[in-house]
Amino acid sequence: MPSVEHWLVKTEPNVYSIDDLARDRSTDWSGVRNYQARNFLKAMAVGDQVLIYHSNAEPPGIVGVGVVLKEATPDRTQFDPKSELFDPKASQAAPRWFCPEIKFVQKLKKQVSLGELRGCKALAELVLLQRGSRLSVIPVSEKHFQTILEL
DNA sequence: GCCAACGTTGGC
DNA sequence: GCCAACGTTGGC
């Protein structure tokens with residue numbers, strides 16, 4: 001299995017934006033409740049680079065960069081009955097959901113919109129752009145990562 | 001294990 | 001707000 005070192009994570013800016021991350025310096029990337037996305041979160045290693053994407057935004061697009069500060073640990077929100085993210089099927093002994101800690105690196109001077117990504121031929125294979133990709137955590141090749149930063 | 005019903009995501 | 005594309009749930 002190839003070692004993946006670049007990722008893209010989605011967040012809704014009205015829930016947690018790149019500016020929130022810049023203010024907090026780092027955060028537990030909690031709240032992911034999709035198994036495939038979870039598996040990617042668990043695969044993240046310290047030092048991996050992460051593109052931050054704003055979904056449900058106007059316009060949607062990539063807005064910044066982070067780096068993995070700590071590998072995934074159990075997502076505490078799954079144990080909290082008062083949290084909307086509470087999962088009654090999870091237990092301390094058998095946690096279902098995990099989150100890494102992601103540190104702010106930079107906010108892009110100019111966001112790269114979804115439209116611009118689609119317009120870039122070199123990014124045609126980016127998972128984000130493939131049909132109906134709703135996955136909130138996506139592996140990105142180094143080539144694509146660099147291409148996006150150059151946009 | 002199948003699949004219909006339902007819920008969610010996220011662009012538009 | 002609409003709706004296509006998925007994911008999940010639960011009856012059988």
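Chain A is the first sequence line, chain B the second, and so forth, proteins listed ahead of strands; every chain is numbered from 1. In this text, all values refer to a predicted model and were calculated from it rather than measured experimentally.
Residues A:Trp7 and A:Met44 have side chains in contact (heavy-atom distance under 4.5 Å, counting atoms from C-beta outward).
Between A:Leu108 and the choices A:Ile52, A:Ile148, A:Leu149, A:Ile18, the side chain to side chain contact (heavy atoms under 4.5 Å, CB included) rule is met once, by A:Leu149.
Across the protein-nucleic acid pair, A:Leu128 atom CG and C:dC6 atom P stand 13 Å apart, rounded to whole Å. What separates CD of A:Gln36 from P of C:dG7 is a distance of 7 Å, to the nearest Å. Rounded to an integer number of Å, the gap from A:Asn14 CG to B:dG11 P is 12 Å. In this structure, the CH2 atom of A:Trp97 is 13 Å from the P atom of C:dG7, given to the nearest Å.
Distances shown here put a side-chain N or O of A:Lys89 below 4.0 Å from the OP1 or OP2 atom of C:dT9. Residue A:Arg134 places none of its side-chain N or O atoms closer than 4.0 Å to OP1 or OP2 of C:dC3. Residue A:Tyr53 places no side-chain N or O under 4.0 Å from the OP1 or OP2 atom of B:dT9. Listed pair A:Lys10 / B:dG10 meets the phosphate criterion, a side-chain N or O lying under 4.0 Å from OP1 or OP2.
A donor-acceptor pair shorter than 3.5 Å can be found between the side chains of A:Ser26 and A:Glu101.
A:Arg118 comes within 4.0 angstrom of sugar-phosphate atoms only, judged by non-hydrogen atoms across all strands, and of no base.
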